[in-house]
Amino acid sequence: MTHSHSTKPGTAIVTGASSGIGKVYADRLAARGYDLVLVARREERLKDIAADLRQRYGVNADVLVADLSRPDGTAAVADRLSRDASVSLLVNNAGFSALKPLTNTPDPVITDMIGLNVTALTLLSKAALAAFKQRNAGTLVNIGSGAGFAPYPGIPVYGSTKAYVYLFTQSLQGEVEGTAVRVQLVLPGAVVSEGWDVAGGADLDPLPESIVMTTEDCVDAALAGLDQGERVTAPSLHDDASLRDYEGLTGRLLQSMFDGRPAARYRVGS
Ligand SMILES: NC(=O)C1=CN([C@@H]2O[C@H](COP(=O)(O)OP(=O)(O)OC[C@H]3O[C@@H](n4cnc5c(N)ncnc54)[C@H](OP(=O)(O)O)[C@@H]3O)[C@@H](O)[C@H]2O)C=CC1
Ligand SMILES: CC(=O)[C@H](N)C(=O)O
């Protein structure tokens, strides 16, 4: 099947495109007529996916093999973002979790997780926004997680990296205000993917089927949210008023944190 768009939407870079949510993003974006740059570490998988997308949708699909927990891997993708003016969309999706208490998590796993989920996402957001702001066009999509809202047992580092993605991405939305550049934060809940095997000790099987989403539904909902102009899209959140309440409450809390007088309950100076 070839796409039916008369004007091409440009090139989308999808990190973590070799499996799970990223692989479905690549498929859906190719269906919308985007050319693709598929980023991950497993080259053979990326090549197979790229060949399939070319064949089914008639788009260009490049493979960029990069370990984004390493500075050179991130630099290679940032370089593509700065050099290739056709890039109109970045999906910062690559990420991994480790289901372990902090003291049982090996140091390299911690540094790789922060390197990928936080540092790479930050540097690639920077490279994307620099390019997009210059052209006053382009969309950045950052994948956070429902697990970033509150401490969740067994994922102290992962949950905190996603809390970072939440605050960071919303801060960027302030930086693009008044421009045509868009920044979307996507907050999946529990989604069927290899990510749960990678997390080690995590198992979707005991979870009630009713709380677990398919990758296809997750990405289709995320893209529907993007089409609707949402800044924050939570595919599995039915009561979106609670998200607005949360944003309102945390905004008010932020303001209340700044007062030169110690709170009365501490009885300082009394
Ligand atoms: N599944 C879920 O329940 C949820 C997932 N998320 C988030 O969604 C995103 C995608 O996860 P999901 O699809 O579930 O997991 P998968 O494990 O299926 O996909 C992760 C992708 O990231 C890539 N990746 C991992 N490490 C690196 C690295 N160092 N450098 C480059 N690429 C890397 C993997 O490719 P390769 O191994 O080939 O490098 C793979 O393509 C993540 O950010 C995750 O935190 C958020 C909420 C819920
Ligand atoms: C708990 C997990 O590790 C999962 N990937 C999520 O983000 O919810």
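Read the numbers this way: they start at 1 and go in the same order the structure lists the ligands and their atoms.
Remark: ligand 2 atoms within the under-4.0 Å shell around heavy atoms of S145 are 6 (C), 7 (O), 8 (O).
Using a 4.0 Å cut-off between charged side-chain N and carboxylate O, R244 and D240 make a salt bridge.
For ligand 1, residues of the protein lying within 4.0 angstrom by heavy-atom distance are G16, A17, S18, S19, G20, I21, A40, R41, R42, A66, D67, L68, S69, N93, A94, G95, L116, I143, G144, S145, Y158, K162, P188, G189, A190, V191, S193, E194, G195, W196.
More than 12 heavy atoms of other residues, nucleotides or ligands sit less than 6.0 Å from atom NZ of K162. Shown here is N136, whose CG atom has more than 12 heavy atoms of other residues, nucleotides or ligands within 6.0 Å.
Counting only distance, with no hydrogens or angles, the side chain of Q173 and the backbone of R231 share a donor-acceptor pair below 3.5 Å.
Contacts of R252 classified as salt bridge (Lys or Arg N to Asp or Glu O under 4.0 Å), with partners at least two apart in sequence or in another chain: none. Looking at residues two or more places apart in sequence or on another chain, you find a side chain to side chain donor-acceptor pair (under 3.5 Å) between D227 and R32.
Under 4.0 Å from ligand 2, not a single heavy atom of Y152 appears. Residue contacts with ligand 2, taken as heavy atom pairs separated by less than 4.0 Å, involve S97 solely via side-chain atoms from C-beta onward.
With a 4.5 Å cut-off between side-chain heavy atoms of Ile, Leu, Val, Met, Phe, Trp and Tyr, the cluster of L123 takes in none.
Of the N and O atoms on the side chains of Q184 and T139, not one donor lies less than 3.5 Å from an acceptor on the other residue.
Distances between N or O atoms of W196 and those of ligand 2 include no value under 3.5 Å.
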